[in-house]
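Okay, so here's the structure we're looking at.
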Amino acid sequence: MNLLLAGDLDAAERAQWADELRRAMPGHRLLLARGEVADAAIAVAIVANPPPGSLAGLPGLRLIQSLWAGVDRLLADPTLPAGVAIARMVDPAMSAAMAETALWATLALHRGFFGYARQQQAALWRPQAQQRADEVPVLVLGHGQMGGTVARRLARQGYPVTAWRRGSPAASARSAPDGVRLLAGGAALADALASARIVINLLPLTPDTRGLIDARLLTRLPQGAGLVNLARGAHLVDADLLAALASGQIGHAVLDVFHTEPLPADHPYWCHPRVTVLPHAAAMTDARSAAAVVARNIEALAAGAPLRDLVAREAGY
Ligand code: GLV
């Protein structure tokens, strides 16, 4: 089959992906640009946030395989061919990287390490009271591949973890696999927020979750809670977070994702003493492991077998 690699990749990334994908799928032809074969002969597009319009006019397309876990930008392209299967990236190596970032942020918030970094700037020697992990409830928003892996990792570390997802409460398994309490639905969220010391967002970005982390949600948290956004910038209402930081409602925020990326140089987050900014680096797709994930789906397509990690376009993820 002809496979087209399309996306927002620099030359080095493109070369690495080309190497890894060709190694993983020697029986298929990987194209780095349109025009090498007739458009109609391209069966699969392997995409990393391609510019809108990149996949328009490919009548033979059978699968769009994303190299990104989140497909919100892809789905926002009005020219995306209708009726073609879309698969998102689900790579255990990526979920493990996300769990490392979430664990670092949780430990630093729980033990006050961000505060000690601020104290160092002022040459302040001031030890704070020390709490045990089991005294610091963590709420993970989202219980998909990423959220589930993060929740289990934190539970193993001794934190009381609740994982929340949208949907009906009836559909939620109220059991506690791997020590994680599962909740679903809006009413359950209000309760879970009231007792969470740290909230970690790993929801998919959909019309229902855009702007979910607003003043209303933030005021439900106990005073001084920590916020960690590892999902998408548009989940968060920036003005509401800045107000919550100013009032002390939020003690510290760790933000990996932003409405505009790269974060503009004059954005107040950059210099805010109680915001830690990461450059959308919490969990990056690693071509070395992800190429095998892509290959597995393409071999399934070639064999007429079921595809994995398909996106439900109506749901938005
Ligand atoms: C990263 O944000 C991704 O969606 O893969």
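Both counts, for ligands and for their atoms, begin at 1 and track the order of listing.
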Query raised in the report: Who pairs with W104 by ring pair (Phe, Tyr, Trp, His ring centres under 6.0 Å), at least two apart in sequence or on another chain?
Result: F114

Query raised in the report: Hey, is R216 close enough to D214 for a salt bridge, meaning N to O under 4.0 Å?
Result: no

Requested in this report: Using a cut-off of 6.0 Å, state whether more than 12 heavy atoms not belonging to Q128 lie near its atom CD.
Outcome: yes

Query - ligand 1: protein residues within heavy-atom distance under 4.0 Å - result: W68, A69, G70, M94, R232, H280

Report task. Apply ring pair (Phe, Tyr, Trp, His ring centres under 6.0 Å) to the pair F258 and H267, showing each step before the final yes or no. Result -> CA-CA 10 Å; F258 304 92; H267 198 287; 7.0 Å; no

**Report entry** Donor-acceptor pair, side chain of R156 and main chain of G179, under 3.5 angstrom
**Finding:** no

Query raised in the report: Do Q131 and R197 have side-chain atoms, one donor and one acceptor, less than 3.5 Å apart?
Result: yes

